[in-house]
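Presented below is the structure to which this report refers.
Quick note: residue numbers are just sequence positions, from 1.
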Amino acid sequence: MKTVRKLSIAIVITSLTLAACGRQDSAAPAGAGGGLPPPEVEVITVERRDVPITVELPARAQAIRSAEVRARVEGVLEKRLFIEGTDVRAGVPLFLIDPRPLEANVAAAKAALAKAQADALAARLTAERYEALVGKAVSKQDYDLAEARYKQAEAEVAAAEAALRRAEIELEYAHVTAPITGRIGRALVTEGVLVSRDAATHLATIEQLDPILINFTQSSSEYLRFMESLRAGEAKAANAPIRLVTEDGREYPHPGKLLVTEATIDPATGSVAMRAEFPNAERMLLPGQFVRVRLPLAEAADVVTVPQRAVQASPQGQVVLLVDAENKVVPKPVKT
């Protein structure tokens, strides 16, 4: 069983350190005749523990899914059916394009299909009559021609059915719906604008923000160190949490997980592209936001951690102030 060693460390500024460590005049008790009272210091108790060693890297946030809503038919935009900057569900109508020309196309396609079906019926009846009269009143050649006209009429029916289906699909496209669930931005067009299928007019953008992706790069040397720590068992990429620091210096409350690393090193920068995923139910992170990633590289075993302000510089190197058994402050050299 590992013994836990606890230490009491005094956190003081330099002037207080000198006062606490200096000899006090016994003839001038505290608070008498202008003597200074003993300075108050903050004392914390620390103990040995295992600590992950991390590297902090710049990163950018990216939506896990992003879809551009575009026009798929030509027409005049009549209505916008959503509130900008809100969450929408997949399949919810967003825009309405004037459906009247498209409805007319459907009616014309239905009429063309009815005509083709009528022609096919007449051709079938003719072929059936000729079949019974072959060798009597109708030659074999006339029968073959009638049979060919019937098959041609059937093909025209199939083409008319396909044209009708295409016209119905285009009519459905008059109701522009959300392709994915996410947060929709501002509308890029207004009512009355002529949108085009050929130009695929960009109407709006939807981005799924929960979870959110964080893209960052790591130098090839740090990447090799990271992979070596994995092989040595010092770091566990699947379990070690990745942390974020936002632009205002605060640590993001939710840990993330490493998803993927590129298989090659960018020859221009000498770095490896990496990606992590973080929960974002509160929408604290937005695409394009600058953050910093704290990536665990290894784990230091049985070490002592203290606040940074507890470590002071001296001519002999770095020191911390310990509280000894007599409740006095004494300096202790340390290596960080």
Side-chain angles (χ1 to χ4, degrees), residues 65-84 88-182 184-208:
R65 298 173 71 194
S66 180
E68 293 182 348
V69 182
R70 294 184 177 271
R72 304 175 72 175
V73 292
E74 185 171 284
V76 176
L77 191 68
E78 284 195 341
K79 293 180 181 179
R80 173 169 60 88
L81 306 174
F82 67 93
I83 300 175
E84 295 174 319
V88 295
R89 297 188 308 275
V92 171
L94 303 176
F95 297 93
L96 175 63
I97 299 173
D98 185 5
R100 291 173 297 177
L102 303 174
E103 291 171 347
N105 292 342
V106 171
K110 288 181 178 179
L113 175 60
K115 181 180 181 302
Q117 290 173 336
D119 292 343
L121 176 61
R124 180 176 64 81
L125 295 176
T126 300
E128 289 174 351
R129 285 195 298 268
Y130 278 20
E131 183 181 13
L133 298 174
V134 172
K136 299 177 183 179
V138 175
S139 66
K140 183 68 167 58
Q141 181 180 3
D142 290 338
Y143 169 69
D144 290 342
L145 290 175
E147 186 71 16
R149 282 193 293 269
Y150 171 53
K151 291 183 178 180
Q152 181 180 357
E154 283 188 324
E156 291 175 352
V157 169
E161 290 175 342
L164 174 60
R165 180 56 185 154
R166 182 171 59 251
E168 291 174 341
I169 291 174
E170 290 181 347
L171 179 58
E172 293 176 0
Y173 287 162
H175 295 80
V176 182
T177 58
I180 62 173
T181 297
I184 190 167
R186 62 186 179 88
L188 302 178
V189 293
T190 60
E191 293 84 351
V193 171
L194 177 64
V195 298
S196 172
R197 173 180 58 188
D198 297 333
T201 305
H202 191 183
L203 306 178
T205 300
I206 302 175
E207 294 182 315
Q208 183 177 332

Distance col, row D142:CG vs T126:OG1, nearest 0.5 angstrom, shows 11.5 Å
Would you say that more than 12 heavy atoms from the other residues, nucleotides or ligands in this model lie under 6.0 Å from the NE2 of H175, or not?
no
One should read off an interatomic distance between R100 CZ and L102 CG, to the nearest 0.5 angstrom, of 11.0 Å
In this structure, CG of D119 is separated from CZ of R124 (nearest 0.5 Å) by 13.5 Å
Looking only at heavy atoms, the pair that brings A71 and I97 closest together is CB-CD1, 4.4 Å
query = Tell me, do L96 and P93 make a side-chain contact under 4.5 Å, heavy atoms counted?
reply = no
Residue pairs meeting side-chain hydrogen bond (donor to acceptor under 3.5 Å, both in side chains), one or both in residues 152-164, sequence neighbours left out, come to Y150-E154
For residues 71-84, the side-chain hydrogen bond (donor to acceptor under 3.5 Å, both in side chains) pairs (sequence neighbours left out) are R72-Y173
Closest non-hydrogen atoms of L171 and E103, given as atom of the first, atom of the second and distance, are CD1-CG, 3.6 Å
CD (E68) and CD1 (I206) are apart, to the nearest 0.5 Å, by 11.0 Å
**Study point:** Polar side-chain atom of T205 near backbone of G185 as donor-acceptor pair, under 3.5 Å
**Key:** no
Here the gap from E147 atom CD to D144 atom CG, rounded to the nearest 0.5 Å, amounts to 8.0 Å
All heavy atoms of V69 vs all of H202, minimum pair found to be O-CD2, 3.5 Å
d(T177 OG1, L94 CG) to nearest 0.5 Å is 7.0 Å
With sequence neighbours left out, the residues meeting ring-ring contact (aromatic ring centres under 6.0 Å, His included) with F82 are F95
Closest non-hydrogen contact found for R186 with A204 is O-CB, 4.0 Å
Practice item. Report the C-alpha distance between L188 and L203 in whole Å, list the side-chain angles of each, state the deciding distance to 0.1 Å, and finish with yes or no for side chain to side chain contact (heavy atoms under 4.5 Å, CB included). Key: CA-CA 5 Å; L188 302 178; L203 306 178; 5.9 Å; no
Nearest heavy-atom contact between L113 and L164 is CD2-CD2, 3.8 Å
For this session: Carefully, step by step, assess T181 and V88 under the rule side chain to side chain contact (heavy atoms under 4.5 Å, CB included).
Result: CA-CA 6 Å; T181 297; V88 295; over 6 Å; no
Heavy atoms of P179 and A67 approach each other most closely as CG-CB, 3.7 Å
